[in-house]
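Working notes for the structure below.
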Amino acid sequence: MVRAWAPGRVNLIGEHTDHTGGLVLPMAIDLGTTVTATPGGDQVELRSPLEPEPAIVPLDVADPAAVSPGWARYVAGVVAELRPTPGLVGAVDTTLPVGAGLSSSAALELAVALALGFSGNALALAQLGQRAEQRASGVPCGIMDQLASAAGVEGHALRIDCTTLAVTPVRLPEGIEVVVVDSGQRRELATSAYAERAVACQVAEAALGPLRDARIADVDRLEDAVVRRRARHVVTENARVEQVVAALAADDRASLADALAAGHASLRDDFEVSTPVLDALVSRLVALDGVVGARLTGAGFGGCVVALVAQGTPLPDDLAHWRVRPSAGARLLPQR
Ligand code: GLA
């Protein structure tokens, strides 16, 4: 028997920057996915209490995106990348809300890869998971979700430089808690919107070179107004990651509040991935006593809002939320 666990993630700041080699500041959380399985056989066969149909994937699967049911695509993506022998039979269980923007798919990919015997380092595990996700979903996603899940450090967020792939743990101040609030709005990331945003960034980079090195004065010279807004988001967001890293080190709550508010506004106005539901939820949260700051987290178009709150701040009962702790990354668990 083998047991493998991988966490979900919440991103504190640095949204839609990873696919341009930018800066991100996610943390692995104490909600995650466990695969318990027995190696053997010529397929990967997993059951989940959340899913009516099992994932049954032949080891020579050719097109992960064509597999059904839908959740089996992520398993198939890993099998197609890892080409394991033998297969396995087992079960998946999760404490993550599925499809809510906390990277339940990345957690599934990494737990499956570890259960199938993947033995490389955290970066290699994340890269395998990213390729599996891209093949399964068709979304040209960046490395953030999988690298946060693979490289998590207890008590710390992770500053990731998506150009060098260097991961620097950033301790969260005592007295600040991270709360994830579910908007209830669901939208598949596998829509054209994510890819469209990525293309706009590529157009900007064709004119300016890497956005990571661009200045606002350069961005202002871009001709197309939409491309200009998308690029402005990325350039200002990279700077906000550095601002939040410094503000966490100094426990500077005013600066945290400013950066999160500006980040949300930029996703709303420049990158245009927010929704009225997310905007209203952020406004409501930041008006509450004890809430330091809040913003939409993840790809947008629904999903969750992340809030930094003073330790022990209660949130209203009608808000579906999780108090999450920064946790260690994906790993094999001792057998029971
Ligand atoms: C999704 C992608 C990530 C990242 C975020 C937005 O979660 O999978 O790579 O681009 O959106 O920051």
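Counting starts at 1 for both ligands and their atoms, in listed order.
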Do you reckon Val67 sits in the same ILVMFWY cluster as Leu116, going by side-chain contacts under 4.5 Å, direct or chained?
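Cluster IDs for Val67 and Leu116 match.
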Passing option when Asp270 is tested against Arg228, Arg230, Arg232 for side-chain hydrogen bond (donor to acceptor under 3.5 Å, both in side chains):
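Testing Asp270 for a side-chain hydrogen bond (donor to acceptor under 3.5 Å, both in side chains) against Arg228, Arg230, Arg232 leaves exactly one candidate, Arg232.
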Just which atoms of ligand 1 are under 4.0 Å from any heavy atom in [X]?
X      : value
Met144 : 4 (C), 5 (C), 12 (O)
Gly142 : 9 (O)
Asp18  : 3 (C), 4 (C), 9 (O), 10 (O)

Looking only at heavy atoms, which two atoms of Arg295 and Leu260 are closest? And how far apart?
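Here Arg295 and Leu260 meet closest at CB-O, 3.6 Å.
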Can you check which of Arg197, Arg9, His16, His19 brings a heavy atom nearest to atom 6 (C) of ligand 1?
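It is His16 whose heavy atom sits nearest to atom 6 (C) of ligand 1.
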Please tabulate, for side-chain N and O atoms in residues 296-305, each donor-acceptor pair with protein atoms closer than 3.5 Å (sequence neighbours left out).
residue : atom : partner : partner atom : Å
Thr297  : OG1  : Asn11   : N            : 3.2
Thr297  : OG1  : Asn11   : O            : 2.8

Any nitrogen or oxygen of Asn11, side chain or backbone, less than 3.5 Å from one on ligand 1?
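Looking only at distances, the answer is no, because the N/O contact criterion of under 3.5 Å is not met.
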Check whether any N or O atom of Thr17, backbone or side chain, sits under 3.5 Å from an N or O atom of ligand 1, and answer yes or no.
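Min N/O separation from ligand 1 is not below 3.5 Å for Thr17.
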Would you be so kind as to tabulate the donor-acceptor pairs closer than 3.5 Å made by side chains of residues 164-180, with sequence neighbours excluded?
residue : atom : partner : partner atom : Å
Thr164  : OG1  : Ala166  : N            : 3.1
Glu177  : OE1  : Gly312  : N            : 2.8
Glu177  : OE1  : Arg323  : NH1          : 2.9

